[in-house]
Amino acid sequence: MSGPGRSFVVAGTDTGVGKTVFAAALAGALGARYWKPVQSGLEEETDTQAAIRLGRLPPERVHPEVWRLKTPASPHLSAEIDGVEIDPDALTPPAGAGPLKGTPLVIEGAGGLLVPLTRRVLYADVLARWGLPVILCARTQLGGINHALLSIEALRARGAPLLGVAFIGPEMADTERTICEMGEAKRLGRLPPLEPLTPDSLAAAFEAQFDRADFGGRASTA
C-alpha cells in the first residue's frame, strides 16, 4: 500500500525528456492514479496509453484527458488547428472516488514548463494555481544544466513548489550535482537508458534508483 493520497505533477525541462516514462514508473510504484490533462497528437501511441502499458496501470486508475488534440504541436497551436480553445480554469486535478479515495495522483504535464496552453496562459501558470509538488524531469546530457536551472527559476518565480529533480539519461555526476546545488533542489534519483524499455525493466530501475519514501510511499528496500 502507498502512503497518503498525495498528488504530484511530473514536469519536464523540454519535450521528449522522458516525463511519460518516469510518470509511468512513479504511478506504478505508488499504486497511484494517472492523469494527462492535455494530449497533443493522436496518430501514434498517446502518453496515457504509454503510461498504462509501461506502468501496468489498471483502467480504473487512469483519468481521461480533458483535451485530446490531433496535431502534435504546442497545445495552444494544436487547439487552434483543431478549432477549439483550451480553458485553463477547467483543468482541476480529479479526486479519487470510492475505493480509490485517498489514492495518490500522478499528473503528467505537456512539453516544458513554459509551453503555452493558450495565447495567454502557460502550463507553469496552471501548476502554480494547483500548488502541488512538482517533480522536474531533467536530461543528464549536454544542455541539461541550462534547461533545468531555467525551469527551476520559472517554477520559483510563480511560487510553484518543487519536490525535486528526477534525472533521465546516462550517469553524468557533475551535471546532476551542479543542477541540484545551484538550483537548491533535491536529487530524487536517475532513470538510466533502458534497452529494452519494458514494464519489468522500468519497475526494476525505479526501485533501484529512487526511494518511494520521497513520494510519500513506503521506503524502498533496494
Side-chain angles (χ1 to χ4, degrees), residues 1-36 45-63 93 96 100 102-110 112 132-141 144 147-148 151-152 161-173 175-177 179-180 183 185-222:
M1 294 292 290
S2 61
R6 295 189 70 189
S7 296
F8 306 94
V9 176
V10 176
T13 54
D14 58 300
T15 299
V17 70
K19 296 187 304 298
T20 301
V21 174
F22 177 81
L26 179 62
L30 298 182
R33 294 172 290 125
Y34 168 90
W35 183 46
K36 172 90 174 186
E45 183 180 49
T46 66
D47 291 340
T48 297
Q49 290 168 339
I52 290 172
R53 175 174 57 84
L54 291 171
R56 292 196 178 102
L57 307 181
E60 63 271 17
R61 295 213 318 259
V62 178
H63 297 276
L100 295 178
T103 304
L105 174 65
V106 174
I107 304 171
E108 183 187 348
L132 300 174
V134 176
I135 300 165
L136 181 66
C137 291
R139 301 180 193 274
T140 58
Q141 292 97 325
H147 290 167
S151 297
I152 291 170
L162 175 65
L163 181 70
V165 181
F167 290 98
I168 314 288
E171 182 178 6
M172 298 289 287
T175 293
E176 297 180 35
R177 176 184 174 184
I179 289 170
C180 293
K186 179 179 178 63
R187 179 190 183 277
L188 296 172
R190 177 180 61 86
L191 278 181
L194 298 174
E195 292 291 344
L197 174 58
T198 67
D200 286 339
S201 67
L202 179 59
F206 186 91
E207 287 298 313
Q209 298 291 331
F210 293 86
D211 188 345
R212 275 183 279 174
D214 286 334
F215 310 100
R218 188 169 58 189
S220 172
T221 58

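Nothing here was measured: the structure is a model prediction, and the numbers come from that model.
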From CA spacing to verdict: side chain to side chain contact (heavy atoms under 4.5 Å, CB included), Leu163, Asp214 = CA-CA 9 Å; Leu163 181 70; Asp214 286 334; 5.6 Å; no

Can Val165 and Arg187 be said to form a side chain to side chain contact (heavy atoms under 4.5 Å, CB included), step by step?
-> CA-CA 5 Å; Val165 181; Arg187 179 190 183 277; 5.9 Å; no

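In this view, Lys36 and Asp47, Glu108 satisfy the salt bridge (charged side-chain N to carboxylate O under 4.0 Å, His left out) rule, not counting sequence neighbours. When the side-chain contact (heavy atoms from CB on, under 4.5 Å) test is applied to Ala50, the partners found at least two apart in sequence or on another chain are Thr20, Glu45, Arg53. By the side-chain contact (heavy atoms from CB on, under 4.5 Å) test, Pro161 is found to be paired with no residue, residues two or more places apart in sequence or in another chain being considered. With sequence neighbours left out, the side-chain contact (heavy atoms from CB on, under 4.5 Å) criterion links Gln209 to Pro192. Under the rule for a side-chain hydrogen bond (donor to acceptor under 3.5 Å, both in side chains), the partners of Thr48 that lie at least two apart in sequence or sit in another chain are Glu65. For Thr198, the side-chain hydrogen bond (donor to acceptor under 3.5 Å, both in side chains) partners at least two apart in sequence or on another chain are Ser201. Among residues two or more places apart in sequence or in another chain, the side-chain hydrogen bond (donor to acceptor under 3.5 Å, both in side chains) test is passed with Asp14 by Arg139. With sequence neighbours excluded, the residues satisfying side-chain contact (heavy atoms from CB on, under 4.5 Å) with Thr13 are Val17, Leu136, Ala138, His147, Ala148, Ser151. Annotation: salt bridge (charged side-chain N to carboxylate O under 4.0 Å, His left out) contacts of Glu60 (sequence neighbours excluded): none.
The minimum heavy-atom distance between Val106 and Ala32, with the atom names listed, is CG2-CB, 3.9 Å. Ala166 and Phe210 make their closest contact through CB-CE2, 3.9 Å (heavy atoms, listed as atom of the first residue, atom of the second, distance).
Expressed to the nearest 0.5 Å, how far CZ of Phe167 lies from CZ of Phe22 amounts to 11.5 Å. Rounding to the nearest 0.5 angstrom, the gap separating the CZ atom in Phe206 from the CG atom in Leu194 is 12.5 Å.
Judged by distance alone, the side chain of Arg190 and the main-chain N or O of Gly169 form a donor-acceptor pair under 3.5 Å.
A side chain to side chain contact (heavy atoms under 4.5 Å, CB included) with Lys19 holds for exactly one of Val9, Val10, Ile168; it is Val10. Checking Leu105, Val62, Leu57 one by one against Arg33, the side chain to side chain contact (heavy atoms under 4.5 Å, CB included) holds for a single residue, Leu105.
No side-chain heavy atom of Arg6 sits under 4.5 Å from any side-chain heavy atom of Leu30. Considering only heavy atoms from C-beta on, Leu197 comes within 4.5 Å of Val21 through its side chain. At least one side-chain heavy atom of Ile135 sits under 4.5 Å from a side-chain heavy atom of Phe215. Between Leu191 and Leu202 the shortest side-chain heavy-atom distance falls below 4.5 Å. Looking at Thr140 and Glu171, their side chains never come closer than 4.5 Å, going by heavy atoms from C-beta outward.
Pairs of residues two or more places apart, or lying in two chains, never qualify as side-chain hydrogen bond (donor to acceptor under 3.5 Å, both in side chains) while including a residue from residues 21-30.
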